[in-house]
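Quick note: numbers below take in every heavy atom, side chains included, and nothing from hydrogens, waters or symmetry partners.
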Amino acid sequence: MASALARRARGSAAVLWGATRGFASVGSDIISAAPGVSLQKARSWDEGVATKFSTTPLKDIFYGKKVVIFGLPGAYTGVCSQSHVPSYKNNIDKLKAKGVDSVICVAVNDPYVMNGWAEKLQAKDAIEFYGDFDGSFHKSLDLEIDLSAALLGRRSHRWSAFVDDGKIKSFNVEEAPSNFKVSSAEVILDQI
C-alpha cells in the first residue's frame, strides 16, 4: 500500500509542480495567493470556547515579520512526527539567530489535534502550530494532495517556505509526501 501511495503521490506532484504550477511561488505574496483564508492556532477545546473559536487571518501571521512555515500531511503521522517537526524544533535557535520571528507548522487538521500533537512532541514552546481545518489554505496555494489511499483524504504536500513581510523568498516542495529531502530546517537555514 505504501508503494502504491508513493507512486500515486509522485504522479500528482509531477503534474502539480510542472510548468503550469499553481498560485504560490517565490516572489508572490502568500496572503494574496490565499485570499480570505484564516488558520486556527493550536489550542485546547476550552481555549477554543473561550476565544469563540476564533481564527487567525494570514496578514496577522505574515505581515511585518520573517516567518518560516512548513506544511505536512498530518499530525501523528510517521515522517511528520519523527523527522519534520524535530528538524525545526532542534534548529529553532539557529533560525532565530537568522532573524526569523516565528516558525510555523501547518497541517490539514483541526486545532485541537494540532495542540495535542504539539504537546506530545514537546514542541509548542519553539514552534507555532496551526490547523488548516478545511484545507482551504493548502488548496489556495496549490499544495493539496489526495491521500485517500492512506485513509487520510485531502491533505497537504510536505513543504517549507521562508516568507518575509508576506513575500515568499524560498519555497520547497517534496516530490512525495513520504520524502524528507528539501523541506527540512537545515535546507531553509541555507536559504535565509
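- A salt bridge between E128 and K41 is present, with a side-chain N of the basic residue lying under 4.0 Å from a carboxylate O of the acidic one.
- When atom types are taken as modelled, the side chain of D101 and the backbone of K66 share a donor-acceptor pair closer than 3.5 angstrom.
- Without hydrogens or angle criteria, K65 side chain to D60 main chain gives a donor-acceptor distance under 3.5 Å.
- Scanning both residues, S38 and T55, for their nearest heavy atoms gives CB-OG1, 3.4 Å.
- The minimum heavy-atom distance between S87 and S184, with the atom names listed, is OG-CA, 3.9 Å.
- Using a 4.0 Å cut-off between charged nitrogen and carboxylate oxygen, K167 and D29 count as a salt-bridge pair.
- At distances below 3.5 Å, not a single donor-acceptor pair connects side-chain atoms of N115 with backbone N or O atoms of P111.
- Residues F62 and I31 have side chains in contact (heavy-atom distance under 4.5 Å, counting atoms from C-beta outward).
- K181 places a side-chain heavy atom less than 4.5 Å from the side chain of E174.
- In this structure, Y112 has its ring center at least 6.0 angstrom away from the ring center of W117.
- When only modelled atom types and interatomic distance are considered, Q191 and N172 share a side-chain donor-acceptor pair under 3.5 Å.
- For the pair Y76 and G116, the tightest heavy-atom approach, listed with the atom from each and the gap, is OH-C, 3.1 Å.
- A distance of 12.5 Å separates NE2 in H84 from CG in L121, rounded to the nearest 0.5 Å.
- Under the 4.5 Å side-chain criterion, counting only non-hydrogen atoms from C-beta, R158 is in contact with V79.
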Handout entry: side-chain contact (heavy atoms from CB on, under 4.5 Å) evaluation trace for L39 with I61
Key = CA-CA 9 Å; L39 296 173; I61 296 170; 4.0 Å; yes

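- The CG atom of L58 sits 8.5 Å away from the OG atom of S140 when rounded to the nearest 0.5 Å.
- For the pair V113 and A75, the tightest heavy-atom approach, listed with the atom from each and the gap, is CG1-CB, 3.7 Å.
- In this structure the side chain of C105 reaches within 4.5 angstrom of the side chain of V85, judged on heavy atoms.
- Atom NZ of K96 sits in a crowded spot, with more than 12 heavy atoms from other residues, nucleotides or ligands closer than 6.0 Å.
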Exercise for the section: Could you go through the side-chain contact (heavy atoms from CB on, under 4.5 Å) check for I69 and V106 one step at a time? Expected result: CA-CA 7 Å; I69 183 169; V106 63; 4.0 Å; yes

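- Between the NE2 atom of H157 and the CG atom of N179 there is a distance of 11.5 Å, given to the nearest 0.5 Å.
- Side-chain contact between I127 and F129 is present, with heavy atoms from C-beta onward closer than 4.5 Å.
- Looking at S136 and D134, their side chains do bring a donor and an acceptor atom within 3.5 Å of each other.
- Here the CD1-CZ distance, from I104 to F70, works out to 10.0 Å after rounding to the nearest 0.5 Å.
- Residue V187 is not grouped with residue V173 when hydrophobic side chains (ILVMFWY) are merged at heavy-atom distances under 4.5 angstrom, including chains of intermediate members.
- Two residues are said to be in side-chain contact when any heavy atoms from C-beta on lie closer than 4.5 Å; L143 and F171 meet this criterion.
- Note that OH of Y88 is 8.0 Å distant from CD of E186, once rounded to the nearest 0.5 Å.
- In this structure, S170 and I188 have side chains that are in contact, with non-hydrogen atoms separated by less than 4.5 Å.
- Atom NZ of K98 sits in a crowded spot, with more than 12 heavy atoms from other residues, nucleotides or ligands closer than 6.0 Å.
- Looking at D110 and Q40, their side chains never bring a donor and an acceptor atom within 3.5 Å of each other.
- In this structure, the side chains of R43 and S54 come closer than 4.5 Å at one or more pairs of heavy atoms.
- Using bins of under 30°, 30° to 60° and over 60° for the plane-to-plane angle, the ring pair W159/H138 lands in the perpendicular bin.
- The line from CD1 of I192 to CZ of F162 is 5.0 Å long, rounded to the nearest 0.5 Å.
- L72 and V182 are not part of a single hydrophobic cluster, where members link through side-chain heavy atoms under 4.5 Å apart.
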